[in-house]
Amino acid sequence: MEQGLGSDSVPVSGSDDKSRVLNVKPLRCLVPIFPSNPGGMSSISSPQASPFVCVPPAGPFPPGVSPVFPFVIPTEQQQNPQTPFAAPLNQAGPSIPSPVPITSFRTPTVQTNGTIGSSKRSSKGSARGSSQRKTKSGNMTSPHDVDIDAVANDFLTSFNLVRFEPAKLSDGDKESVRYLIMAYNLLRRRIAQVEDSEEATPGVTRRPDLKAGSILMNKKGVRTNMTKRVGAVPGVEVGDVFFFRVEMCLVGLHAPIMGGIDYMSFKISLDEEPVAVSIVSSGSYEDNDEDGEVLIYSGQGGVLRRDGNLMDQKLEKGNLALEKSLHRGNEVRVIRGVRDEASPTRTAKVYLYDGLYKIVESWVEKDKSGCNVFKYKLVRGAGQPEAYTLWKSIQQWKSSDSTSRVGVILPDLTSGAERLPVSLVNDVDHEKGPAHFTYFPTLKYPEPVDSRQPSSFSCSCRDGCHSNDLNCPCIQKNGGYLSYTSLGVLLSYKTLIYECGPSCLCPPNCRNRVSQAGLRVRLEVFKTKDKGWGLRSWDPIRSGAFICEYAGDVIDTSTKESGNQDSYIFDATRTCEPVELMPGNADDSQKIPFPLVISAKEGGNVARFMNHSCTPNVYWQPVLRDESYLHIAFFAINHIPPMKELTYDYGLVQSGKPEPRRKNCLCGSLKCRGFFY
DNA sequence: TAGATTCAGAAGTAT
DNA sequence: ACTTCTGAATCTAGT
């Protein structure tokens with residue numbers, strides 16, 4: 001068991017002094033360069049304070065340093081001086097690049113194809129979008145008093161730039177489904193971010209999921225798989241995960257926004273009769289699942305009414321459709337709703353697409369209160385990939401020390417260094433573990449933290465930073481918004497995120513310290529078939545969620561020969577192929593402040609096991625803490641099902657820099673460029 | 001802190 | 001117009 005990883009390879013559990021295991025390599029040769037702009041940052045950093053090359057966020061950059069864009073940003077929409085909150089921000093610190101406010105992206109002239117907000121929804125008496133919200137807050141003009149419709153319009157304007165093929169409206173494919181889900185989540189998170197910065201109205205439930213859903217549902221040419229069908233839905237694979245019901249509507253997996261049974265009418269000679277096409281089993285009825293391949297599903301209706309009366313279920317609508325499907329023998333898609341364990345909110349749910357089932361039996365039961373309830377027994381079709389059963393296995397691994405599982409080498413390769421264990425598994429061959437390395441969970445700068453001067457930009461939010469507090473300097477640095485949701489999900493993509501740092505007075509659980517709070521999902525290092533060791537997650541990961549940072553030793557690139565021969569190098573100066581065309585509120589003026597190269601050869605965390613892919617599901621994001629500590633944080637690009645390998649794009653070396661040895665890429669994607677460094 | 005309850009919510013179906 | 005296995009906020013019962 002301890003052949004590959006000697007007992008000395010892992011730090012002793014509970015050792016607080018992580019620096020003990022750190023092989024410190026001081027950076028002496030970098031000449032400090034400081035912002036030349038008057039005021040602002042120059043006042044906070046003395047030449048002795050930081051050994052790093054500091055450049056103003058707007059550049060210029062030292063040779064070889066380039067801005068990093070994980071996503072393409074529409075360029076024509078930048079720099080509009082008409083910004084409602086440019087003034088307070090500029091007062092706070094002239095050196096802080098003025099954020100591009102979302103209102104500056106407004107495109108009032110572009111009314112060509114169906115702008116939202118004005119047409120359908122407002123005319124239908126539900127004109128609650130912007131006007132109602134404004135009256136709610138009265139005369140108090142919030143600094144964030146931003147029109148949600150405008151946000152959505154900006155978003156859709158960018159969205160229209162996508163090469164979206166109309167053929168996919170009726171028949172989707174994997175790429176369009178993936179893109180649509182990602183677009184939905186970006187919009188939803190953006191709306192949530194804007195709403196969150198406004199003061200909460202007591203008693204009003206915010207539903208950014210429905211708002212974003214409504215906008216995309218009503219936008220022509222956005223949805224896919226719009227024609228209902230029996231059986232598989234193109235572009236949706238068994239095992240795919242969804243985090244909101246609306247997502248499944250958008251991609252045509254399950255049309256009812258709340259209803260559990262989706263059905264369509266099927267022509268039989270002259271008559272039409274309904275057949276069920278998909279069901280969602282959320283566990284709030286008394287469904288029970290015997291072994292994961294069988295589902296006992298309760299019909300709809302008959303639940304406790306508002307008037308207190310209980311009713312028998314009727315053989316109509318969905319119930320009738322299920323009955324007809326039993327006799328017809330057609331396949332029914334099954335979606336299993338389960339609790340999202342990674343989410344701190346206890347009610348959060350994940351929907352697993354569990355593939356095709358057939359109804360084999362139906363009967364009527366009396367429930368606890370004596371009312372008739374229809375029951376349907378569904379059996380899963382053979383030969384489909386594991387989905388719900390896999391989820392059930394994982395629940396078992398979590399509860400039973402995973403001893404039952406084959407291939408487990410170590411239950412926790414971090415020996416407690418992370419807040420969650422990380423298992424080490426090999427079920428493909430006999431290798432007993434990766435080469436020796438020291439596990440530590442964070443990035444190691446060669447200079448101790450306490451020798452640095454506290455930044456005057458640190459905050460004093462003792463209860464944690466909140467996005468409606470515009471006096472918080474950490475909020476200001478992020479363009480006036482908090483970058484994360486309460487779930488630790490990144491709200492919008494930026495080239496640089498400012499987190500609270502060591503000198504901030506906010507607590508460790510501050511919402512602006514997401515990348516410092518440690519792992520939130522259960523990860524495991526596993527042996528891949530052909531790419532050595534890799535990383536994957538037991539928990540489903542929602543789009544935008546923080547996964548981990550890249551831990552390792554910060555490398556002095558001026559003395560070391562670019563350090564690129566080390567296969568555990570993370571080079572933040574590399575550029576990435578744009579992942580997707582992203583709607584832009586990314587701020588062009590914010591750049592990576594200094595070149596950062598990390599080596600995780602001697603030591604590091606789970607990130608060192610993440611493989612390269614040309615179509616990745618994870619991307620990296622520079623995060624600056626306290627103006628001087630740059631870190632690399634990894635976030636999910638789209639929803640990631642359990643046990644799917646986590647990959648990111650290793651990027652391309654800047655032209656002019658020495659190119660490391662190329663390796664053959666085995667990612668297997670259509671867009672594979674054939675190699676990586 | 002975790003479970004239970006409340007309540008607005010929007011699309012699809014049926015009337 | 002009506003239904004609906006949502007989902008967030010609030011309330012309640014427990015330690």
Side-chain angles (χ1 to χ4, degrees), chain A residues 116 120-122 124-129 132-133 136 188 191-192 195-196 199-219 222-223 226-228 242-250 252-265 272-289 295-308 311 313-314 316-322 333-341 343-352 354 367 373-376 378 485-487 509 542:
Chain A
I116 57 92
K120 190 178 173 185
R121 293 188 303 141
S122 53
K124 213 187 156 196
S126 59
R128 49 175 59 243
Q132 207 178 62
R133 232 187 13 262
K136 221 181 286 170
R188 183 183 57 74
I191 291 173
E195 284 190 342
D196 191 49
E199 70 276 25
T201 322
V204 174
T205 310
R206 285 164 166 165
R207 294 294 298 265
D209 61 319
L210 291 181
K211 242 171 224 150
S214 172
I215 288 165
L216 291 187
M217 293 284 273
N218 289 313
K219 175 79 178 167
V222 168
R223 297 171 62 181
M226 284 188 72
T227 47
K228 282 196 184 185
F242 302 88
F243 286 80
F244 292 91
R245 288 288 298 260
V246 179
E247 295 174 348
M248 297 187 282
C249 308
L250 283 168
L253 182 64
H254 187 84
I257 199 164
M258 295 176 73
I261 306 169
D262 191 9
Y263 56 98
M264 60 186 284
S265 61
E272 290 195 349
E273 69 174 33
V275 292
V277 294
S278 66
I279 58 172
V280 176
S281 167
S282 297
S284 52
Y285 282 62
E286 291 170 26
D287 305 338
N288 56 46
D289 54 295
L295 171 66
I296 310 295
Y297 189 78
S298 303
Q300 63 187 189
V303 287
L304 189 64
R305 296 315 228 220
R306 263 185 293 277
D307 56 13
M311 295 168 64
Q313 290 188 346
K314 294 181 192 135
E316 59 182 22
K317 299 180 189 172
N319 298 346
L320 180 62
L322 287 168
R333 298 185 294 272
V334 168
I335 297 120
R336 306 266 196 165
V338 297
R339 244 196 70 179
D340 181 9
E341 305 253 331
S343 160
T345 51
R346 297 154 320 260
T347 46
K349 266 184 192 158
V350 193
Y351 297 95
L352 305 171
D354 199 29
D367 70 356
V373 175
F374 289 99
K375 295 280 182 177
Y376 301 90
L378 294 98
T485 69
S486 51
L487 299 180
N509 65 350
R542 64 174 72 205

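Just so we're on the same page: letters track the sequence lines, and every chain starts at 1.
- Nearest heavy-atom pair, Y297(A) versus V280(A), reported as atom, atom and distance to 0.1 Å: OH-O, 3.1 Å.
- For the pair N319(A) (side chain) and Q300(A) (backbone), a donor-acceptor distance under 3.5 Å is present.
- Along DNA chain B, the nucleotide closest to K228(A) and the one closest to I257(A) are compared, and the more 5′ of them pairs with I257(A).
- In this entry the distance linking CD of E195(A) with P of dG7(C) reads 16 Å, nearest Å.
- Within the structure, a side-chain polar atom (N or O) of N218(A) is placed less than 4.0 Å from OP1 or OP2 of dA11(B).
- The side chain of Y351(A) sits closest to dT6(C) out of dT3(C), dA8(C), dT6(C).
- Across the interface with DNA chain B, nearest-nucleotide mapping of M258(A) and D262(A) shows M258(A) to be the residue nearer the 5′ end.
- Side chains of T347(A) and T345(A): no donor on one and acceptor on the other come within 3.5 Å.
- Taken to the nearest 0.5 Å, the CG atom of D262(A) stands 10.5 Å off from the CE atom of M248(A).
- Across the protein-nucleic acid pair, M264(A) atom CE and dA11(B) atom P stand 21 Å apart, rounded to whole Å.
- Regarding contacts with the backbone of dG7(C), every side-chain N or O of R339(A) stays at 4.0 angstrom or more from both OP1 and OP2.
- In this structure, the CG atom of N319(A) is 16 Å from the P atom of dT13(B), given to the nearest Å.
- Interatomic distance, I296(A) CD1 to Y376(A) OH, rounded to the nearest 0.5 Å: 12.5 Å.
- You'll find that the side chain of F244(A) is closest to dA8(C), out of dA8(C), dT6(C), dT13(B).
- Taking atom CG on L253(A) and atom P on dG12(B), their separation rounds to 14 Å, with Å as the unit.
- At dT6(C), one or more side-chain N or O atoms of K349(A) fall inside 4.0 Å of OP1 or OP2 (strictly under the cut-off).
- To the nearest 0.5 angstrom, D209(A) atom CG is 11.5 Å from R245(A) atom CZ.
- Note on R207(A): every side-chain N or O is 4.0 Å or more away from OP1 and OP2 of dG9(B).
- Distance E247(A) CD to dA10(B) C1': 16 Å, rounded to the nearest Å.
- With dC5(C), dA11(B), dG7(C) as the candidates, the nucleotide lying closest to the side chain of Y297(A) is dC5(C).
- Annotation: of the two residues near DNA chain C, L210(A) and K317(A), the 5′-most nearest-nucleotide partner is K317(A).
- Mapping G259(A) and T347(A) onto DNA chain C by nearest heavy atom places G259(A) at the nucleotide closer to the 5' end.
- Counting only distance, with no hydrogens or angles, the side chain of H254(A) and the backbone of G259(A) share a donor-acceptor pair below 3.5 Å.
- Using a 4.0 Å heavy-atom criterion, one finds that K314(A) contacts no nucleic acid atom at all.
- Secondary-structure stems of DNA chain B, taken as three or more successive Watson-Crick or G-U wobble pairs (i with j, i+1 with j-1) under a 3.5 Å distance threshold, comprise B:1-8 with C:6-13, B:10-13 with C:1-4.
- Atom CZ in R206(A) sits about 18 Å away from atom C1' in dT6(B), given to the nearest Å.
- Expressed to the nearest 0.5 Å, how far OH of Y263(A) lies from NZ of K317(A) amounts to 6.5 Å.
- Atom C1' of nucleotide dT6(C) and atom CE of M248(A) are separated by 10 Å, given to the nearest angstrom.
- Across the protein-nucleic acid pair, K211(A) atom NZ and dG7(C) atom P stand 16 Å apart, rounded to whole Å.
- Contact between the side-chain N/O atoms of S214(A) and the OP1/OP2 oxygens of dA11(B) is found at a separation under 4.0 Å.
- Where stacking is scored as ring centres under 5.5 Å apart with planes under 30°, Y263(A) does not register as stacked on the base of dT13(B).
- Phosphate proximity of dT6(C) to S282(A): present, with a side-chain N or O under 4.0 Å from OP1 or OP2.
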